[in-house]
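First the proteins, then the strands, lettered A, B, ... as listed; each starts at 1. Model, not experiment: these values are computed from the prediction.
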Amino acid sequence: MMRYWLFKSEPTTFSINDLEHSPNQVTYWNGVRNYQVRNMLRDEMQAGDYAFFYHSNCTPPGIVGTMKIVKTGYPDFTAWDPTSPYFDSKSTAIKPCWFMVDVQFVNKFEQIISLDALKTHLSLKNMLILRPGNRLSITPVTKQEWEIILTVSADSKIR
DNA sequence: GCCAACGTTGGC
DNA sequence: GCCAACGTTGGC
């Protein structure tokens with residue numbers, strides 16, 4: 001059963017352009033250090049799932065494109081590197097604590113669908129990203145939400 | 001740069 | 001296992 005997701009990233013750290021220009025347009029999504037999100041990466045995400053790429057902490061924040069999960073959860077090895085900002089001594093190769101998936105670029109929207117724009121769609125009002133105080137860097141998206149947002153993106157192209 | 005929300009830590 | 005203090009996220 002295919003699922004849909006939304007991945008947040010600060011574009012100054014890693015943007016959709018960075019993904020587009022990665023080798024084979026694929027990258028590992030490392031650095032998740034939240035247990036709820038870890039569980040999604042480790043247990044729930046499947047190859048073939050689709051995800052929105054969301055730019056956070058920028059002007060304006062919003063969804064900028066889509067990507068695809070191409071490798072299911074495996075240990076986030078950047079947690080093992082003492083020189084990495086993502087180092088965490090809790091995690092070892094024998095007993096990994098943190099996980100990541102590989103994602104592949106699919107497309108970039110011609111126009112960002114800003115957080116403000118998302119808020120104007122009644123049918124999207126239950127999106128986790130719109131919930132005040134939601135800080136999960138990855139959230140599940142329903143099939144309906146996925147399709148509505150793609151429609152919004154196609155509409156914005158015509159204008 | 002402010003601040004609300006909320007996850008994590010650590011003392012007890 | 002409770003909960004206050006603290007740190008981080010992220011919109012504004």
Side-chain angles (χ1 to χ4, degrees), chain A residues 3-22 27-45 49-67 69 72-103 105-142 144-146 148-153 155-156:
Chain A
R3 297 193 187 202
Y4 302 91
W5 307 92
L6 182 145
F7 284 48
K8 280 190 226 174
S9 179
E10 301 192 11
T12 52
T13 305
F14 190 81
S15 71
I16 191 155
N17 290 333
D18 294 329
L19 175 61
E20 187 178 10
H21 297 116
S22 295
T27 191
Y28 53 82
W29 198 272
N30 67 309
V32 168
R33 297 293 178 264
N34 169 287
Y35 288 102
Q36 241 179 297
V37 179
R38 187 276 310 268
N39 294 346
M40 292 182 224
L41 290 168
R42 189 189 56 187
D43 307 329
E44 294 184 40
M45 239 168 255
D49 286 0
Y50 282 92
F52 288 123
F53 197 123
Y54 180 95
H55 281 175
S56 67
N57 233 331
C58 57
T59 311
I63 297 173
V64 290
T66 68
M67 55 192 184
I69 313 302
T72 51
Y74 62 105
D76 179 346
F77 51 77
T78 64
W80 307 336
D81 174 5
T83 66
S84 165
Y86 301 111
F87 176 70
D88 184 347
S89 59
K90 278 199 300 291
S91 190
T92 64
I94 292 167
K95 233 186 155 182
C97 177
W98 302 115
F99 286 74
M100 58 188 178
V101 297
D102 285 358
V103 293
F105 176 84
V106 172
N107 69 356
K108 189 158 71 174
F109 292 164
E110 303 218 340
Q111 217 180 310
I112 186 172
I113 303 177
S114 67
L115 182 59
D116 277 348
L118 292 171
K119 285 178 183 165
T120 66
H121 293 275
L122 261 186
S123 47
L124 299 176
K125 69 175 182 343
N126 292 325
M127 279 192 81
L128 294 172
I129 190 84
L130 300 183
R131 230 179 51 184
N134 168 52
R135 300 181 312 154
L136 297 180
S137 61
I138 298 177
T139 49
V141 169
T142 68
Q144 288 87 339
E145 289 162 351
W146 179 267
I148 290 161
I149 290 165
L150 289 187
T151 305
V152 171
S153 172
D155 286 351
S156 71

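- Checked against the 6.0 Å centroid criterion, the rings of A/Y74 and A/W98 do not qualify as a close aromatic pair.
- When each of A/R131 and A/K90 is assigned the nucleotide of DNA chain B bearing its nearest heavy atom, the one mapping closer to the 5' terminus is A/R131.
- In this view, A/E10 and A/N57 satisfy the side-chain hydrogen bond (donor to acceptor under 3.5 Å, both in side chains) rule, not counting sequence neighbours.
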Next item on the list: Any chance you could list the contact pattern along nucleotides 3-10 of chain C? Use B for base contacts, S for sugar-phosphate-only contacts and - for none, protein heavy atoms under 4.0 Å, 5' to 3'.
Entry: ----BBBB
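- Residues meeting the side-chain contact (heavy atoms from CB on, under 4.5 Å) test with A/K108, sequence neighbours left out: A/I16, A/N17, A/E20, A/F105.
- Listed by first and then second residue, the salt bridge (charged side-chain N to carboxylate O under 4.0 Å, His left out) pairs that reach into residues 53-67 of chain A come to none, sequence neighbours excluded.
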Checklist line | Steps toward side chain to side chain contact (heavy atoms under 4.5 Å, CB included) verdict (A/V141, A/Y50) | finding: CA-CA 10 Å; A/V141 169; A/Y50 282 92; over 6 Å; no
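- A donor-acceptor pair under 3.5 Å is formed between the side chain of A/N134 and the backbone N or O of A/L128.
- Rounded to an integer number of Å, the gap from CE of A/M127 to C1' of C/dG11 is 16 Å.
- The salt bridge (charged side-chain N to carboxylate O under 4.0 Å, His left out) contacts involving residues 80-100 of chain A comprise A/D88-A/K90, where partners must be two or more places apart or lie in separate chains.
- Overall, the helix from B/dG1-C/dC12 to B/dC12-C/dG1 carries an axis bend of 10° between its ends, with five pairs at each end and the value rounded to 10°.
- Formation of a donor-acceptor pair under 3.5 Å by the A/R33 side chain with backbone atoms of A/Y86 is found in this model.
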